[in-house]
Amino acid sequence: MKRAYNFNAGPAALPLEVLQKAQEEWLDFNGTGMNVMELSHRSKDYEMVHNKAIALLRKLLNISDEYEILFLQGGASTQFSMIPMNLLLEGKVGHYVLTGSWSEKALKEAKKVGQTSVLATGKDNNYTTIPTLDKVELDSDAAYLHITSNNTIFGTQWQSFPEVNGAPLIADMSSDIMCKPFDVNKFGMIYAGAQKNLGPSGVTLVIIRKDLIGQAPESVPTMLDYKTHSGNNSLYNTPPTLAIYLLSLVLEHVDSLGGVEAVEKINAEKAKLLYDVIDGSNGFYNGHATPDSRSTMNVTFTLQSDEATKAFLAQAKEQGFVGLAGHRSVGGCRASIYNAVPLEHVQALAEFMKSFQKNY
Ligand code: PMP
């Protein structure tokens, strides 16, 4: 069996070791004679999986006791609504930095709930650059500042996070969480759909500072109030048990590699391989992002014509590369090289890009 060269944007590649471990345990998890999916979410065996995932997240991301770790459903998209419903209270303003379609969507949901303001936007330059923001002083009516740490569609990424005074910084880290170490303490809240760097789709990770929980107005539905989930260890209702199990295996795998620092080194090497091909192509390949805002997770580029792009994607497909078409809203090409994409697969893509240029 040959594994595909999987460059999907999400759901995306999972570590082979994780899939193999899940396969080994598929019919009999921990001597229970059941698959994890068949366990009661109130059983000791499932609870062990659930709590192990939380403990590993605390360890790998260095999350202090000041923060709750929640496993929610509804994708990162539901967080676009839950954040304002819980935190954008009467008389407050939700501030947003727009760096692509996902931050636009987050803003759109906040507007349905309360007052918003756009602090900075990269829309005018077609989201090729992350706005420069080092220090942000927010007024006393600020509810929070929301950013998207990595822009999956445009291939840009914050290289460092701003110092924010006056209100909590909230980040959608769906497409780059755990790609490199970062200081959780800079944030009031972090959230991420699991299906890129953390595991399969179906579970959304929320890391939220405890003082931000319990502020939602009475009118907020029970399931959309962070307090409901934090007060019940994310077991108020049936959690996505299989997704959380696979997440726990991914976390164990990252731990076994030497943690997030080790993963960062491999990610840097992988990204350099592709950007070097783009930069050395004499304009045959054009990177969408400006070099100072390039993502190590989603490498976006165009060729000089639609015809060349079509030929590139067709030949890539023939050679076993999957998921290289750019997002339907921007076109071109995109290679998503999340944590679980092996270095060798990125090397193979870099070689393919060079040989395509030579032969086209
Ligand atoms: N934010 C970002 C940065 C994303 O890349 C995505 C999905 N690609 C989302 C939010 C939406 O996530 P979900 O599909 O889990 O709602």
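In this model, no donor atom of one side chain and acceptor atom of the other lie less than 3.5 Å apart for S43 and D45. Between the side chains of Y275 and Y285, no donor N or O sits under 3.5 Å from an acceptor N or O. Counted by atom type alone, N267 and T296 present zero donor-acceptor pairs between their side chains at under 3.5 Å. Side-chain polar atoms of T290 and D292 form a donor-acceptor pair below 3.5 angstrom. Side-chain contact, Y338 with N298: a donor N or O sits under 3.5 Å from an acceptor N or O.
Judged by distance alone, with hydrogens and angles left aside, the side-chain atoms of E109 form no donor-acceptor pair with the main-chain N or O of A106 at under 3.5 Å. Side-chain atoms of N197 come within 3.5 Å of backbone atoms of N339 as a donor-acceptor pair (strictly under, hydrogens ignored). At distances below 3.5 Å, at least one donor-acceptor pair connects side-chain atoms of K196 with backbone N or O atoms of A9. Put simply, the side chain of Q73 gets close to the backbone of T238: a donor and an acceptor are under 3.5 Å apart. Looking only at distances, no side-chain donor or acceptor of D255 sits under 3.5 Å from a matching main-chain atom of L251. Put simply, the side chain of W102 never gets that close to the backbone of T152: no donor and acceptor are under 3.5 Å apart. Remark: the backbone N or O of F71 is paired with a side-chain donor or acceptor of S234 at under 3.5 angstrom. At distances below 3.5 Å, not a single donor-acceptor pair connects side-chain atoms of K180 with backbone N or O atoms of V263. Judged purely by atom type and a 3.5 angstrom limit, D176 has no side-chain atom pairing as donor or acceptor with the backbone of Q157. Distance alone, capped at 3.5 Å, places no donor-acceptor pair between the E269 side chain and the L343 backbone.
One hydrophobic cluster, built from ILVMFWY side chains closer than 4.5 Å, holds both L61 and V250. Hydrophobic clustering keeps Y245 apart from L16 (ILVMFWY residues linked when any side-chain heavy atoms are closer than 4.5 Å, directly or through intermediates).
F80 and H146 have perpendicular rings, their planes meeting at more than 60° on a 0 to 90° scale where under 30° would count as parallel. Below 30°, between 30° and 60°, or above 60°: for Y144 and Y96 the angle between ring planes is above 60°, a perpendicular geometry.
To the nearest 0.5 Å, atom CD of residue E66 and atom CG of residue L212 are 10.5 Å apart. Note that OG of S64 is 7.0 Å distant from CZ of R58, once rounded to the nearest 0.5 Å. Residue L70 holds its CG atom at 11.0 Å from OG1 of T204, rounded to the nearest 0.5 Å. Distance CD/E261 to CD1/I266: 12.0 Å, rounded to 0.5 Å. Taking CD1 of I177 as the start and SG of C179 as the end, the distance is 9.5 Å to the nearest 0.5 Å. Note that the NZ atom of K112 and the CG atom of L107 stand 11.5 Å from one another [nearest 0.5 Å].
The one candidate from L98, T300, V330, I153 that meets the side-chain contact (heavy atoms from CB on, under 4.5 Å) condition with Y127 is L98.
The environment of E344 atom CD is dense: over 12 non-hydrogen atoms of other residues, nucleotides or ligands sit within 6.0 angstrom. Other residues, nucleotides and ligands place more than 12 heavy atoms under 6.0 Å from the NZ atom of K210. Within a 6.0 Å sphere centred on CG of D211, heavy atoms belonging to other residues, nucleotides or ligands number more than 12. No more than 12 heavy atoms of other residues, nucleotides or ligands lie within 6.0 Å of CG in N62, so this atom counts as exposed by the packing criterion.
The distance between the ring centers of F301 and H288 does not fall below 6.0 angstrom. Here the two rings, on Y46 and H41, have centers that are 6.0 Å apart or farther.
Residues in residues 308-327 take part in these side-chain hydrogen bond (donor to acceptor under 3.5 Å, both in side chains) pairs, two or more places apart or across chains: H327-S329.
M297 is not listed as a side-chain neighbour of I337, based on a closest heavy-atom distance of 4.5 Å or more. Side-chain contact between V322 and F7 is absent, with no heavy atoms from C-beta onward closer than 4.5 Å. Side-chain contact between F187 and F182: present, with at least one pair of heavy atoms (C-beta onward) separated by less than 4.5 Å. Taking the side chain as every heavy atom from C-beta outward, M85 and L87 never approach each other to under 4.5 Å.
With salt bridges taken as basic N to acidic carboxylate O contacts below 4.0 Å, one links D279 and R294. With salt bridges taken as basic N to acidic carboxylate O contacts below 4.0 Å, none links K227 and D225. The pair E25-K21 meets the salt-bridge criterion, with a side-chain N (NZ, NE, NH1 or NH2) lying under 4.0 Å from an Asp/Glu carboxylate O. Between R42 and E47 there is no salt bridge, since no side-chain N of the basic residue sits under 4.0 Å from a carboxylate O of the acidic one. Salt-bridge check for R209 with E68: failed, with every basic side-chain N at 4.0 Å or more from each acidic carboxylate O.
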Step by step, would you call S174 with D172 a side-chain hydrogen bond (donor to acceptor under 3.5 Å, both in side chains)?
-> CA-CA 6 Å; S174 291; D172 173 1; 2.7 Å; yes

Show the numbers, then the answer: is there a side-chain hydrogen bond (donor to acceptor under 3.5 Å, both in side chains) between N286 and T302?
-> CA-CA 5 Å; N286 276 298; T302 52; 4.6 Å; no

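Heavy atoms only, all atoms of each residue included: P162 and L133 are closest at CB-O, 3.4 Å.
Here K92 pairs with nothing under the salt bridge (Lys or Arg N to Asp or Glu O under 4.0 Å) rule; sequence neighbours left out.
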